[in-house]
Amino acid sequence: MLDKTGIAKRIAKEIKDGYYVNLGIGIPTLVANYIPKGMNVVLQSENGLLGMGPFPFEGDEDADLINAGKQTITTVPGSSFFDSAMSFGMIRSRKVDLTILGAMEVSDNGDIANWKIPGKMVKGMGGAMDLVASAKNIIVAMQHVNKAGESKLLPKCELPLTGIRCVKKIVTELAVLDVTPEGFRLLERAPGISVEQIKNATLGRLIIEGDIPEMVIE
Amino acid sequence: MLDKTGIAKRIAKEIKDGYYVNLGIGIPTLVANYIPKGMNVVLQSENGLLGMGPFPFEGDEDADLINAGKQTITTVPGSSFFDSAMSFGMIRSRKVDLTILGAMEVSDNGDIANWKIPGKMVKGMGGAMDLVASAKNIIVAMQHVNKAGESKLLPKCELPLTGIRCVKKIVTELAVLDVTPEGFRLLERAPGISVEQIKNATLGRLIIEGDIPEMVIE
Amino acid sequence: MNKTVKNADEAIKDIQDNATIMLGGFGLCGIPENSITALVKKGVKGLTCISNNAGVDDFGIGLMLQTRQVKKMISSYVGENAEFERQLLSGELEVELIPQGTLATRCMAAGYGMPAIYTPAGVGTEIEIGKEKRKFIVDGEEKEFLMEMAFDADFAIVKAWKGDNHGNLIFRETARNFNPMMAMAGKITIAEVEELVPAGTLDPDHIHTPGIYVHRIFQGSNYEKRIEQKTVRAKG
Amino acid sequence: MNKTVKNADEAIKDIQDNATIMLGGFGLCGIPENSITALVKKGVKGLTCISNNAGVDDFGIGLMLQTRQVKKMISSYVGENAEFERQLLSGELEVELIPQGTLATRCMAAGYGMPAIYTPAGVGTEIEIGKEKRKFIVDGEEKEFLMEMAFDADFAIVKAWKGDNHGNLIFRETARNFNPMMAMAGKITIAEVEELVPAGTLDPDHIHTPGIYVHRIFQGSNYEKRIEQKTVRAKG
């Protein structure tokens with residue numbers, strides 16, 4: 001079973017040289033730490049920055065320089081600042097190659113729910129609805145099951161939707177899956193996890209064809 | 001009768017302190033020369049400049065700095081450059097207080113024709129259609145009659161339209177007129193011009209009420 | 001073209017009860033601190049505030065929530081704010097949550113004189129309820145979009161880094177965020193700046209918001225520029 | 001993220017016959033001189049060119065007209081160009097004239113992922129023929145708008161003053177004009193710059209076009225920067 005770091009490491013392997021990538025809050029933020037050295041990847045922060053760098057050293061933090069999670073950050077050479085309209089403009093026009101975000105539920109047709117739980121205080125969708133509606137490639141980092149052991153990979157999302165038919169790939173503590181027209185296609189098992197365990201943890205349509213390799217993470 | 005300079009001088013009197021003004025090609029360009037000293041007026045050039053100044057001194061011309069008529073110009077302190085989308089954005093959102101442009105024909109409901117003569121080579125509307133469709137205050141500088149002595153202030157434009165119901169005021173070699181729901185309202189006569197002459201030169205509905213003063217131009 | 005006013009009190013003096021105001025900023029970054037303080041002091045009530053976030057309990061728009069000056073918030077994310085939550089649950093505060101890109105683009109639409117825009121954000125979700133949906137072909141594929149209307153705000157209040165007396169503005173880093181679009185969108189736009197310089201000082205190629213969009217400008221003071229989430233890494 | 005290519009020939013090498021290309025510039029100001037020369041040299045034919053103007057007889061897009069490489073021009077003003085006129089009258093060249101603001105905004109729409117925009121330009125004129133007209137309430141008044149579609153261009157070719165190897169661009173004075181929107185709008189965007197610098201050299205707050213929009217960049221040479229109408233005043 002993967003921990004959060006493991007999920008982030010596995011997702012980092014999906015990033016290709018030359019990609020512009022938008023990382024959501026939570027596990028997706030961790031992905032930045034595992035992008036292979038020497039690979040040219042530019043991180044977009046939807047509050048108006050291309051070329052996000054790591055957190056600043058203590059004392060170097062700048063109130064004017066934050067990411068979409070409101071954390072103090074730095075820039076890397078080649079960065080640029082722009083306003084929110086242009087930021088979502090480049091998201092809508094599919095200039096961002098890859099969007100990685102968290103989810104509460106994903107359905108086997110690629111619908112995603114990650115912004116609202118009925119009965120709980122709603123904080124808002126922020127930029128998530130824009131991102132999922134426009135991104136050309138969306139990878140979701142999520143837990144396969146909730147604390148009660150119930151599957152979050154469903155035939156149909158039960159929570160209010162953030163976007164429809166948009167998720168392309170899912171990385172959980174148990175597995176890597178593609179979202180296809182026929183449902184979730186199992187690609188890899190987490191270390192020590194059996195196909196049977198993944199089957200039991202998946203309520204949506206699950207396609208298992210041939211041997212499912214265990215994932216390789218350094 | 002006014003010459004071109006006279007028309008420009010008369011129009012300049014319509015400009016108020018604090019105005020942002022867009023000047024079209026031809027007579028409107030001359031208006032800039034007669035804005036009273038000390039008045040704060042900013043000229044917008046729709047190719048992407050606020051704060052247009054006079055022509056450069058010989059040898060100071062800069063190929064990167066032109067106005068919408070493609071003439072070399074200068075800037076004044078407080079100027080700013082922007083792209084064409086923002087330029088027409090500020091025009092459409094009515095931030096420009098006054099637009100002054102030429103016309104071939106104007107009708108008594110404020111329609112304007114100034115871009116195309118059937119049978120002649122068409123050069124294009126440039127920014128004129130955007131300006132007339134959006135400007136909150138449009139003053140037209142034009143000749144009252146054509147070379148054949150025919151009125152260009154008509155019940156209905158005969159040439160292809162540039163915009164509809166948009167002209168607010170007209171300054172010609174003969175008169176100053178407002179465009180009202182009832183037609184052209186004669187406000188002032190050019191020096192030496194009689195009301196009768198203006199009547200004869202105007203085919204559209206013309207409202208003449210009370211004494212029509214002769215215009216005062218320094 | 002001198003648009004300088006003395007201070008925030010003078011800049012906001014004609015903002016009346018029940019006005020709709022836009023406030024720039026993302027989180028606590030790039031917010032018009034001085035103007036918010038002046039609005040609290042003036043005590044104007046029943047405000048509809050269009051702002052990406054609602055501040056925190058004791059800073060930003062949160063200060064206007066404490067004094068119950070806000071009738072309605074239009075935001076994309078209202079975050080961690082106990083008083084906000086209390087007022088929302090008690091029905092004292094009305095909240096309209098809209099996608100962040102939709103918020104930004106509805107501001108831009110107003111500034112660019114476009115009555116409505118189309119965005120795919122929210123298609124298939126509760127956000128589409130009551131909105132016109134329309135299909136367009138994009139890159140050879142049919143895709144659904146929602147028609148979203150340009151905002152109509154009485155005032156926009158923005159914060160810039162530098163400005164001049166013509167109202168030209170330059171923003172710094174990610175403090176730019178919603179400020180330029182809101183500056184374009186307000187019927188009356190008020191800008192507060194950290195440094196106010198005479199016209200002609202700023203490079204015309206560096207100006208983010210041309211002065212034509214700005215009606216009043218003043219140099220603010222005592223900027224706290226609070227950091228919402230200080231995140232650092234260890235040295236070496 | 002090195003997007004540098006050697007020169008214009010390399011930058012445009014995959015532009016094929018019948019491509020739709022956007023070319024930045026207003027008049028002869030801010031036009032991609034090197035790329036136009038390379039297109040003439042390559043001899044690619046049947047082009048649809050989206051550009052505010054069509055150059056003059058012996059400069060700018062006029063050079064591509066001389067060699068009959070252009071099938072269609074989409075412009076707002078085609079100005080004084082004898083060869084252009086001859087080809088148009090003889091039916092060799094197709095021309096679509098659209099309002100300048102519509103041209104700019106249709107580029108912006110493409111770059112901002114908006115399938116269509118609404119503008120009042122052309123309402124009541126021949127421009128509205130075949131277009132959807134729609135009423136919106138703006139500032140309390142009903143007003144008509146035309147729906148105009150985002151452009152769909154295979155390539156955008158722009159000219160900037162400075163750029164870096166990430167594709168970040170800075171424009172100079174009114175040479176900015178259509179370049180930023182076209183840079184955003186091309187499926188493939190090619191930028192030629194007067195000065196190419198390493199990433200990290202340009203101030204991130206001064207960048208007009210973020211590199212994400214630019215696919216290829218090169219430092220041009222021998223810029224003529226011809227002046228179309230030299231107007232001067234007497235000294236003293």
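Note: hydrogens, waters and symmetry copies are ignored here, and every other heavy atom, side chains too, is used. We name chains A, B, ... by the order of the sequence lines, and we start the count at 1 in each one.
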### Task
Keeping the roles fixed (side chain from D/Asn177, backbone from B/Gly48), state whether a donor-acceptor pair exists under 3.5 Å.
no
### Query
What distance do B/Phe88 atom CZ and D/Thr105 atom OG1 have between them, rounded to the nearest 0.5 Å?
8.0 Å
### Query
If you draw a 6.0 Å radius around NZ in B/Lys156, do more than 12 non-hydrogen atoms from other residues or ligands fall strictly inside?
no
### Query
Does the side chain of B/Arg92 come within less than 4.5 Å of D/Phe145's, by heavy atoms?
no
### Query
Could D/Arg176 and B/Phe82 be counted as a cation-pi pair, given that NZ or CZ must be under 6.0 Å from the ring centre and within 45° of the axis?
no
### Closest non-hydrogen atom pair, B/Ser84 against D/Met181
CB-CE, 3.6 Å
#### Entry: B/Thr75 versus chain D, the contacting section by heavy-atom distance below 4.5 Å
neither
### Task
Measure across B/Leu161 and D/Gly124 and return the closest heavy-atom pair with its distance rounded to 0.1 Å.
CD1-O, 3.6 Å
### Query
Taking C-beta and beyond as the side chain, do B/Lys70 and D/Tyr77 meet within less than 4.5 Å on heavy atoms?
yes
### Exercise: identify the closest heavy-atom pair between B/Ser134 and D/Pro120
OG-CG, 3.5 Å
### Task
Select one option (side chain, backbone, both, neither) describing which atoms of B/Arg165 are under 4.5 Å from chain D's heavy atoms.
neither
### Task
Return the option, out of D/Asn52, D/Asn179, D/Ile98, with the maximum number of heavy-atom pairs under 4.5 Å with chain B.
D/Ile98
### Query
How many angstroms lie between atom CD1 of D/Ile227 and atom CG of B/Asp62, to the nearest 0.5 angstrom?
7.5 Å
### Message
Heavy-atom cut-off 4.5 Å, strictly under: side chain, backbone, both or neither for D/Ser75 against chain B?
### Response
neither
### Query
What part of D/Ile127 gets closer than 4.5 Å to chain B, counting heavy atoms only: side chain, backbone, both or neither?
side chain
### Query
Quick one: what part of B/Asp111 sits under 4.5 Å from any heavy atom of chain D, side chain, backbone, both or neither?
neither
#### Entry: Note, D/Leu97 side chain near B/Trp115 side chain (heavy atom, < 4.5 Å)
yes
### Query
So, D/Arg172 and B/Asp64, do they make that salt bridge, N to O below 4.0 Å?
yes
#### Entry: Contact summary for B/Glu58 and D/Val232, nearest pair of heavy atoms
OE1-CG2, 3.4 Å
### Message
Run the side chain to side chain contact (heavy atoms under 4.5 Å, CB included) test on B/Glu46 and D/Phe26 for me, step by step, so that the C-alpha distance in whole Å, both residues' side-chain angles and the decisive distance to 0.1 Å come before the verdict.
### Response
CA-CA 10 Å; B/Glu46 68 264 27; D/Phe26 181 93; 5.6 Å; no
### Query
Which region of B/Val122, side chain (C-beta onward) or backbone (N, CA, C, O), has a non-hydrogen atom less than 4.5 Å from a non-hydrogen atom of chain D, or is it both or neither?
both
### Query
Under a 4.5 Å heavy-atom cutoff, which of D/Arg226, D/Lys230, D/Glu173, D/Gln229 has the most pairs with chain B?
D/Glu173
### Task
Look only at the side chain of B/Thr72 and the backbone of D/Thr231, and say whether a donor-acceptor pair between them is shorter than 3.5 Å.
yes
### Query
Taking it one step at a time, do D/Arg233 and B/Glu61 satisfy salt bridge (Lys or Arg N to Asp or Glu O under 4.0 Å)?
CA-CA 10 Å; D/Arg233 64 189 148 135; B/Glu61 63 276 6; over 6 Å; no
### Query
If we only count heavy atoms from C-beta on, is the D/Val123 to B/Ile164 side-chain gap below 4.5 Å?
yes
### Query
Salt bridge check: are B/Lys116 and D/Glu126 linked by an N-O gap of less than 4.0 Å?
yes
### Task
Quick one: pull up CD1 in B/Ile66 and CG in D/Leu28 and give me the separation to the nearest 0.5 Å.
7.5 Å
### Task
Inspect the surroundings of NZ in B/Lys136 and state if more than 12 heavy atoms from other residues, nucleotides or ligands are less than 6.0 Å away.
yes
### Message
Please classify the contact of B/Phe55 with chain D as side chain, backbone, both or neither, using a heavy-atom distance under 4.5 Å.
### Response
both
### Summary
From the list B/Asp130, B/Thr162, B/Val132, B/Leu131, side chain to side chain contact (heavy atoms under 4.5 Å, CB included) with D/Pro99 holds only for B/Asp130
### Message
Using a 4.5 angstrom heavy-atom cutoff, name the option from D/Asn81, D/Asp139, D/Asn53, D/Leu88 with the most pairs to chain B.
### Response
D/Asn53
